[in-house]
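One structure below.
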Amino acid sequence: MKPLLPKISRGLVVVGVALSLVSPVLAGDPTKAPSIVPLVNPVSEKGAAGLFRKIIMARGAEIDPGQAGYHMIRAIEPASVFPPSTPEIYVVMELKQSAFDMFELIARFILEDPDGKPVGRLLHTDRAHFEFSDTGGYMTMKRPPGGFSIGDYRVEIHYGEQVNEISLLTLIRFQVLPDPAATPPSQP
């Protein structure tokens, strides 16, 4: 009988090499530089559809104690335009029902190409785990050093534990524009 050890160790080496090829940005490692990713559009870009009752961008989120027994998440200062100095940008979601099995959602924050090319810079990945009685939740991106870059952003919402074209449920868009208070006054 041959020992199985050499076959198992070769398999572990292959798995180790494959795992090392996965982008650290996809894993949500904030210490790594942003990577260029293709922009993929879901079948329907309706924002709140399918799994969601509502998806909105906001400056914050809190638990709404309005319904006993449920953890409803309420958006604080909903917006679709943010200044570069915003401390944190939230994607707040309300689910259509709370009787799901446990599942995970992944949000990918992407700065779109300013020239309209179908690529963008993946800046951050956040994950949220939902359980049986959850009726909503949120995912966030903290302000990068130096502030958010001016431009058009998208947040892709993926279902499951991996990101691919099939896992993309929907996306929501927002903009970062210069703060009106920071712009110099116009001359007459």
Side-chain angles (χ1 to χ4, degrees), residues 24-32 34 42-112 120-149 151-164 166-177 179-181:
V25 175
L26 291 178
D29 187 346
T31 62
K32 303 298 179 188
V43 174
S44 173
E45 189 180 326
K46 295 181 180 175
L51 180 66
F52 308 103
R53 181 179 316 279
K54 183 179 3 176
I55 301 176
I56 55 176
M57 302 301 299
R59 287 178 169 68
E62 67 182 1
I63 294 177
D64 183 0
Q67 294 185 344
Y70 288 101
H71 294 118
M72 298 292 291
I73 304 296
R74 186 173 65 87
I76 299 172
E77 296 183 47
S80 60
V81 177
F82 299 90
S85 61
T86 302
E88 196 165 11
I89 295 177
Y90 287 71
V91 179
V92 182
M93 299 161 283
E94 183 180 327
L95 303 173
K96 283 190 177 173
Q97 54 186 337
S98 61
F100 295 107
D101 288 335
M102 294 182 288
F103 63 95
E104 188 169 294
L105 294 177
I106 301 169
R108 296 189 342 149
F109 290 78
I110 300 171
L111 175 61
E112 295 180 339
R121 286 188 336 189
L122 176 60
L123 302 175
H124 179 69
T125 301
D126 196 10
R127 297 172 183 266
H129 182 80
F130 294 86
E131 297 194 10
F132 305 106
S133 62
D134 291 336
T135 57
Y138 62 89
M139 293 181 268
T140 67
M141 179 178 171
K142 292 186 186 288
R143 178 181 58 227
F148 285 97
S149 297
D152 295 328
Y153 290 75
R154 64 169 53 202
V155 181
E156 296 178 352
I157 308 294
H158 292 264
Y159 181 88
E161 297 177 8
Q162 295 189 6
V163 171
N164 56 46
I166 296 171
S167 68
L168 180 58
L169 293 175
T170 191
L171 60 90
I172 186 166
R173 298 175 185 275
F174 68 95
Q175 292 181 306
V176 173
L177 298 176
D179 190 353

Taking all atoms of both residues into account, what is the closest heavy-atom pair of [X] and [Y], and its distance?
{"X": "R154", "Y": "L171", "result": "NH1-CD2, 3.3 Å"}
{"X": "A58", "Y": "A75", "result": "CB-CB, 3.8 Å"}
{"X": "T86", "Y": "F148", "result": "O-CE1, 3.3 Å"}
{"X": "V155", "Y": "A107", "result": "CG1-CB, 3.8 Å"}

By side-chain contact (heavy atoms from CB on, under 4.5 Å), which residues pair with S167, not counting sequence neighbours?
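S167 satisfies side-chain contact (heavy atoms from CB on, under 4.5 Å) with H158, N164 once adjacent residues are dropped.
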
Show me the donor-acceptor pairs, under 3.5 Å and distance only, between side chains in residues 136-143 and residues at least two apart or in other chains.
residue, atom, partner, partner atom, Å
T140, OG1, E88, OE2, 3.0
R143, NH1, S85, O, 2.5

Nearest 0.5 angstrom please: [X] [atom1] to [Y] [atom2], how far?
{"X": "T170", "Y": "E156", "atom1": "OG1", "atom2": "CD", "value": "10.0 Å"}
{"X": "I110", "Y": "H124", "atom1": "CD1", "atom2": "NE2", "value": "12.5 Å"}
{"X": "L177", "Y": "F82", "atom1": "CG", "atom2": "CZ", "value": "11.0 Å"}
{"X": "I76", "Y": "Y90", "atom1": "CD1", "atom2": "OH", "value": "7.5 Å"}
{"X": "F130", "Y": "E104", "atom1": "CZ", "atom2": "CD", "value": "9.5 Å"}

Test of understanding: with side-chain hydrogen bond (donor to acceptor under 3.5 Å, both in side chains), list the residues that count as partners of E94, not counting sequence neighbours.
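In terms of side-chain hydrogen bond (donor to acceptor under 3.5 Å, both in side chains), with neighbours along the sequence ignored, E94 is linked to R53.
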
For Q175, check side-chain hydrogen bond (donor to acceptor under 3.5 Å, both in side chains) against everything at least two apart and list the hits.
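With neighbours one apart ignored, the set is D152.
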
side-chain contact (heavy atoms from CB on, under 4.5 Å) between R127 and I106: does it pass, once the steps are laid out?
CA-CA 5 Å; R127 297 172 183 266; I106 301 169; 3.2 Å; yes

Is the closest side-chain heavy-atom distance between [X] and [Y] below 4.5 Å?
{"X": "F52", "Y": "I172", "result": "no"}
{"X": "F109", "Y": "V91", "result": "yes"}
{"X": "I73", "Y": "M93", "result": "no"}
{"X": "I55", "Y": "V92", "result": "no"}

Step by step, work out the side-chain contact (heavy atoms from CB on, under 4.5 Å) result for L95 and F103.
CA-CA 12 Å; L95 303 173; F103 63 95; 3.9 Å; yes

Considering residues at least two apart in sequence or located in another chain, which fulfil the ring pair (Phe, Tyr, Trp, His ring centres under 6.0 Å) criterion with Y153?
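In terms of ring pair (Phe, Tyr, Trp, His ring centres under 6.0 Å), with neighbours along the sequence ignored, Y153 is linked to F174.
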
